[in-house]
2 protein chains.
Amino acid sequence: MSLAIDRSKPQLTDKPTLYKQIRLDIERRILSGEWPPGHRIPFEHELMADYRCSRMTVSKALSELAQADLIERRRRAGTFVRRPKFLSAVLTISDIRAEITALGRSYGYQLIKCSRRIANATDRIRLGVGKTGKVIAIACRHSADAVPFAIEDRLIDLDAVPEAATADFAAEPPGSWLLHHVPWTEAEHAISAISADDEAAASLDIPIGAPCLVIDRHTWRGGRPLTAVRLIYPGESHKLVARFKGG
Amino acid sequence: MSLAIDRSKPQLTDKPTLYKQIRLDIERRILSGEWPPGHRIPFEHELMADYRCSRMTVSKALSELAQADLIERRRRAGTFVRRPKFLSAVLTISDIRAEITALGRSYGYQLIKCSRRIANATDRIRLGVGKTGKVIAIACRHSADAVPFAIEDRLIDLDAVPEAATADFAAEPPGSWLLHHVPWTEAEHAISAISADDEAAASLDIPIGAPCLVIDRHTWRGGRPLTAVRLIYPGESHKLVARFKGG
DNA sequence: GTGTTCGATATGTCTATACATATAATCACG
DNA sequence: CGTGATTATATGTATAGACATATCGAACAC
């Protein structure tokens, strides 16, 4: 297979490390289509010979590729290229303040409503908690260069996030505050489209009935609900972008 | 730290392997909040002593956690718990036929238009190719239990995907055909909301002006554009779901 | 005080070896 | 002709030791 690489001065001429070279080599072959899904890649002992290195080194390269789901390793059978896992993409949603300032626009924030109460039935369903407890309900608006950017309707479980009781949500948007103060372990986003009702239309300064992009996000820590939020963006002016890069 | 584990009969009593135990142990501490973001986790030589194992074993556990972005390793300084990477989630978009049949509903498909042509200026911009070439333009509709589910407007670069010339898009939806025949390496999705224009409204059997969820997807192989597609879903009946599970 | 050098140290890579374990392939048997 | 036991083999885990490399801090020079 003539894979042998230049190692005339083992740790001096090589820029990337050996296992990384092997990993990138295999990755390139997979992504270029040279080794299509289902293809059996050379056995470890073959790669050992090709690259003149120990099995541990080959194994390290293959293990990383396996962890990244590019290949599948089966004992006795060998190592195979995985078929791409049906269109998936990583959606990155930064907090809104960061998103707006990253665009070089000035960030504005207005707290519309902030109340503390004992969770009612609606709150409990929305958060997904069984027994009643204290919650904070927040409505606020984010703007970019003084133009309404999104409105936010949030519920925080005060029993799960007691520190929220002392936060000043008039000064700092709850999304930013939570992101910086409360670690979370699981999150779920549901993305849909709605027509602006009169309230949303007024807050966003758009016509009633205009299309809006909606993100409903739930966040947990160790299975316990922390917060539920609905973000409404004017639909035609906002896009969510998700990317997938093989490897 | 009293982390020592039971290894009275090294490879017999242990269910999970040693490095996996170490990995899960550390993972648990991080996800439970016991070791918060920024916390320095014990040095490798400390973990070696705690778990009575070699450094390679500890290192393997830490390397996997680092690859999964839960920790950050810095030479000379030590290993630290990373702060969560600003709300990110994995969005999985399966092809529409699979999505509908997975819901136990019957899948229907109508090809509305399919034409082959030399790429005009609009096509070139949409695909992001410089010089002109042949393309296939397809319009079609997907339905679930005979109810319109989504409409699709797609452009395929015939020079990048010559096999598409022989595909029968009246029999098989282009999304499914591409997924099964054409490997890709990069994809980008932009998600937005629009009002249904009269054409979309008629195809989807919804009122003109109704909110719709739009996915614009571009797919490349090795940096070369393969296809550009716009999918329009009735907004209130469809949700995209994205999840993030720590670890 | 300020910048430089240098040593200590934690992680990063690699080797050679050993044994464990899952399983594909083969073979013996009813 | 299946079918169950056996074997061969590729990956999986683990060890001990070696050297590479980045970098924090302290000692040093200016």
Side-chain angles (χ1 to χ4, degrees), chain A residues 1 3-26 38-82, chain B residues 1 3-26 38-82:
Chain A
M1 287 185 50
L3 288 174
I5 50 175
D6 177 22
R7 285 208 291 160
S8 44
K9 287 185 180 181
Q11 263 67 36
L12 296 173
T13 53
D14 284 347
K15 284 277 209 15
T17 60
L18 181 49
Y19 94 89
K20 260 180 190 148
Q21 268 183 273
I22 300 173
R23 186 164 78 78
L24 290 171
D25 245 31
I26 294 171
H39 176 86
R40 208 211 77 229
I41 79 175
F43 295 127
E44 292 189 354
H45 69 263
E46 296 176 294
L47 292 170
M48 268 174 79
D50 289 338
Y51 290 97
R52 316 288 181 86
C53 65
S54 73
R55 191 163 76 89
M56 280 297 294
T57 301
V58 168
S59 184
K60 182 168 182 175
L62 294 180
S63 295
E64 287 197 3
L65 290 169
Q67 206 190 335
D69 241 13
L70 250 86
I71 60 174
E72 186 186 347
R73 311 183 74 190
R74 291 208 305 273
R75 276 175 155 138
R76 169 72 219 241
T79 301
F80 302 83
V81 179
R82 281 186 74 95
Chain B
M1 287 185 51
L3 287 174
I5 49 175
D6 177 24
R7 285 208 292 159
S8 44
K9 288 185 179 180
Q11 263 68 34
L12 297 173
T13 53
D14 285 347
K15 285 277 207 22
T17 60
L18 181 49
Y19 94 88
K20 259 179 191 149
Q21 268 183 273
I22 300 174
R23 187 165 78 78
L24 290 172
D25 246 30
I26 294 171
H39 181 265
R40 208 210 77 227
I41 79 175
F43 295 128
E44 292 188 355
H45 69 263
E46 296 176 295
L47 293 170
M48 270 173 77
D50 290 338
Y51 290 97
R52 316 287 180 88
C53 65
S54 72
R55 192 161 78 88
M56 282 294 294
T57 302
V58 168
S59 184
K60 183 168 181 176
L62 294 180
S63 294
E64 287 197 3
L65 290 170
Q67 208 191 333
D69 243 13
L70 250 84
I71 60 175
E72 185 186 347
R73 311 182 75 187
R74 291 207 304 273
R75 276 175 154 137
R76 168 73 218 240
T79 302
F80 301 84
V81 179
R82 281 186 74 96

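First the proteins, then the strands, lettered A, B, ... as listed; each starts at 1.
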Open item on the list: A side-chain contact here means heavy atoms from C-beta on lying under 4.5 Å apart; do L70(B) and V81(B) qualify?
Closed with: no
Open item on the list: Can you confirm whether I26(A) sits close enough to L47(A) that some side-chain heavy atom of one is under 4.5 Å from a side-chain heavy atom of the other?
Closed with: yes
Task: Euclidean distance, atom CE of residue M48(A) to atom P of dA10(D) [Å, nearest integer] - done: 12 Å
Open item on the list: What is the separation between atom CE on M56(A) and atom P on dC19(C), rounded to the nearest whole Å?
Closed with: 17 Å
Open item on the list: One thing to verify: whether E64(A) and K60(B) come together as a salt bridge, which I'm taking to mean a side-chain N less than 4.0 angstrom from a carboxylate O.
Closed with: no
Heteroatom pairs (N/O) under 3.5 angstrom, protein to nucleotides 6-12 of chain C:
from: dA8(C); atom 1: N3; to: R76(B); atom 2: NH1; distance (Å): 3.1
from: dT11(C); atom 1: OP1; to: T79(B); atom 2: OG1; distance (Å): 3.4
from: dT11(C); atom 1: OP2; to: E44(B); atom 2: N; distance (Å): 3.1
from: dT11(C); atom 1: O2; to: R75(B); atom 2: NE; distance (Å): 3.3
from: dG12(C); atom 1: OP2; to: R73(B); atom 2: NE; distance (Å): 2.9
from: dG12(C); atom 1: OP2; to: R73(B); atom 2: NH1; distance (Å): 2.6
from: dG12(C); atom 1: OP2; to: R73(B); atom 2: NH2; distance (Å): 3.1
from: dG12(C); atom 1: O4'; to: R75(B); atom 2: NH2; distance (Å): 2.7
from: dG12(C); atom 1: N7; to: R55(B); atom 2: NH2; distance (Å): 3.4
from: dG12(C); atom 1: O6; to: R55(B); atom 2: NH2; distance (Å): 2.6

Open item on the list: Going by side-chain contact (heavy atoms from CB on, under 4.5 Å), name the residues that satisfy it together with S63(B), two or more places apart in sequence or in a different chain.
Closed with: S59(B), R73(B)
TODO: Could I get the full list of side-chain contact (heavy atoms from CB on, under 4.5 Å) partners for R55(B), not counting sequence neighbours?
DONE: E44(B), M48(B)
Task: Value in whole Å for how far the P atom of dT11(D) lies from CG of L65(A) - done: 13 Å
Open item on the list: Without decimals, in angstroms, what is the distance between E72(A) CD and dG12(D) C1'?
Closed with: 15 Å
Open item on the list: Just the rounded figure in Å: distance from P of dA20(C) to CG of L18(B).
Closed with: 15 Å
Task: Heavy-atom check, side chain of H39(B) versus side chain of F80(B), under 4.5 Å - done: no
Task: Whole angstrom value for the distance that separates P of dC14(C) from CG of L47(A) - done: 14 Å
Task: Contact under 4.0 Å: S54(A) side-chain N or O vs dT17(C) OP1/OP2 - done: no
TODO: To the nearest Å, give me how far apart CD1 (I71(A)) and C1' (dG12(D)) are.
DONE: 13 Å
